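Here the structure comes first, spelled out in structure tokens, and everything after it is commentary.
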Number of protein chains: 2
Amino acid sequence: MDHAAEPDPVLIRLREGFERVALVLRADLWAAAGGAGLNPAQAQVLALLAARPAGLRPKAIAAHLAVSAPSMADTLSALERKQLLQRTPDPADARAVIARLTEEGGALGRTLASATSHVMAALARLSADEQADLLLTQIKLIRTLQRAGAIPLQRMCVSCRHFRPNAHAGEAQPHHCAFVNAPIGTRDLRLDCGEHEAADPEVQAATWTSFADGSPPLQAQAET
Amino acid sequence: MDHAAEPDPVLIRLREGFERVALVLRADLWAAAGGAGLNPAQAQVLALLAARPAGLRPKAIAAHLAVSAPSMADTLSALERKQLLQRTPDPADARAVIARLTEEGGALGRTLASATSHVMAALARLSADEQADLLLTQIKLIRTLQRAGAIPLQRMCVSCRHFRPNAHAGEAQPHHCAFVNAPIGTRDLRLDCGEHEAADPEVQAATWTSFADGSPPLQAQAET
DNA sequence: CTCTTATTGTTAGGAGTCCTAATTATAGGG
DNA sequence: CCCTATAATTAGGACTCCTAACAATAAGAG
């Protein structure tokens, strides 16, 4: 049994730090949602689906927000009652449905997704370098959590077919997005890009190595 | 003021990053609490009070966990029913009560506060430098949130009477804690120290300036 | 082609969080 | 002493959130 091994204290402190921020995020969410007659769970669904015009299955939404499928069914019913969301059968699978926002729901979701908050005000007071470093650290954490199965697949640049790490090594915007065909800096890296297309696993691994090392791009990144 | 001004996109991305981590934290909390027959709200109270042997007033607990006082009364009653917590009158104020954990509650709270989690496993994969930088960034964010009134006063080293920033400038552990009379490094900085005693506001401001600048300790400095 | 097993979504039932508003009691200043 | 502020709780209600059970469809094995 490995129950005697106390974790490194710094890990507990870092978790505590995230917990403090999370509490503020939740309070911010209550404030933003409350003005629209919603609660945090409903607001989270709206914000998530606002970035997914094609809709998502209830099970996927539940996985993204880390609640059970029945809990999500409750929340989806509440949103449907408020005319902010619509459930339609999935033509590809007669068991499944697809949840999409109505026009009104989409507008509200976009508002919520870009609403200011105490946390963003605090983040704004960091230097540009600190912001970039923090984003980079978050990407590393999210990638680890994703590989551990703690969260579903995210639509991050670093796993995208269109991403070319260090294509412009040494410059302020060292990376490149082949979709928009433009250089991008660390601060521009998306955590949830609407144009994301997952690269093949081997390509992803190579991309990550190049990205994390700061090494020049590997050759032969064929656009399958 | 800031009317109609869209926030800097990087701020939204950083907030999204915190949101992803917060979802995992919540899932981890369910997992840790569920094993003990608790829910996240109860587990948070237990973890908070485990670090406060002297107890805390319900209103203060509610403020720390960012819920309303009536919500906290619900949760405290649930914990009292489970014999994990006790409410006693506050001798200093006949209106108030003090909530303390029972022995059993304290043991459970300490277990929860140091329980491992997916988030900590992910944090463990960062380099030591990244961990230190992240902790530093968190401290800055928490301080800003505190000053904005978004969270109650925290028991962080940087606001403590015993803290001497850069007392050993240039060394691996540049700071000093006069309480334990030992040098401390960035990784050792507490977010919630049981021995914390708030320094005077002017001293705090000077301490912060010295800390953030990396400059040697000075007396009597003006704030930002 | 049929039988089994897995998957998707929902309902059922219940505990408990979370809110606002109102209530009780005490504290503290003019 | 009165009047306002504060601490905590109760009242009432909406809703999240869980597990378990259910119905329907999909997918694979024989």
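The structure presented is a predicted model; accordingly, all values stated were derived computationally and were not measured. Residue numbering restarts at 1 for every chain, and letters A, B, ... go by the order of the sequence lines.
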Mark yes or no for whether [X], through its side chain, and [Y], through its backbone, hold a donor-acceptor pair below 3.5 Å.
{"X": "B/R15", "Y": "A/A113", "value": "yes"}
{"X": "A/R125", "Y": "B/T144", "value": "no"}
{"X": "B/D90", "Y": "B/A92", "value": "yes"}

Could you state the [atom1]-[atom2] distance from [X] to [N], rounded to the nearest angstrom?
{"X": "B/L29", "N": "D/dC18", "atom1": "CG", "atom2": "C1'", "result": "15 Å"}
{"X": "A/L65", "N": "D/dC18", "atom1": "CG", "atom2": "P", "result": "11 Å"}
{"X": "B/D74", "N": "D/dG13", "atom1": "CG", "atom2": "P", "result": "15 Å"}
{"X": "B/L23", "N": "D/dT16", "atom1": "CG", "atom2": "C1'", "result": "15 Å"}
{"X": "A/I98", "N": "C/dT10", "atom1": "CD1", "atom2": "P", "result": "12 Å"}
{"X": "A/L76", "N": "C/dT11", "atom1": "CG", "atom2": "C1'", "result": "14 Å"}
{"X": "B/M72", "N": "C/dT17", "atom1": "CE", "atom2": "C1'", "result": "10 Å"}
{"X": "B/I61", "N": "D/dT9", "atom1": "CD1", "atom2": "C1'", "result": "14 Å"}

Is [X] close enough to [N] that one of its side-chain N or O atoms is under 4.0 Å from OP1 or OP2 there?
{"X": "B/S71", "N": "C/dT17", "result": "no"}
{"X": "B/K59", "N": "D/dA8", "result": "no"}
{"X": "B/Q42", "N": "C/dA15", "result": "no"}
{"X": "B/N39", "N": "D/dC18", "result": "no"}
{"X": "A/R57", "N": "C/dT7", "result": "no"}

Quick one: which of [options] gets closest to the side chain of [X]?
{"X": "B/A73", "options": "D/dT9, D/dT25, D/dC18", "result": "D/dT9"}
{"X": "A/S68", "options": "D/dC15, D/dA8, D/dC18", "result": "D/dC18"}
{"X": "B/V97", "options": "C/dC19, C/dG9, D/dA8", "result": "D/dA8"}

Describe the nucleic acid contact of [X] in one word from base, sugar-phosphate, nothing, applying a heavy-atom distance below 4.0 Å.
{"X": "A/S77", "value": "nothing"}
{"X": "B/P70", "value": "base"}
{"X": "A/D90", "value": "nothing"}

| field | Toward the 5' end of DNA chain D, by each residue's nearest nucleotide, A/G37 or A/R95 | value | A/G37
| request: Using heavy atoms to find the nearest nucleotide of DNA chain C for A/R87 and B/V67 separately, return the residue whose nucleotide is more 5′. | output: A/R87
| query | CD of A/E130: more than 12 outside heavy atoms within 6.0 angstrom? | reply | yes
| query | Would you say the side chain of A/V10 lies within less than 4.5 Å of the side chain of B/D188, judging by non-hydrogen atoms? | reply | no
| message | Do B/M156 and B/L189 have side chains that approach each other closer than 4.5 Å (heavy atoms only, starting at C-beta)? | response | no
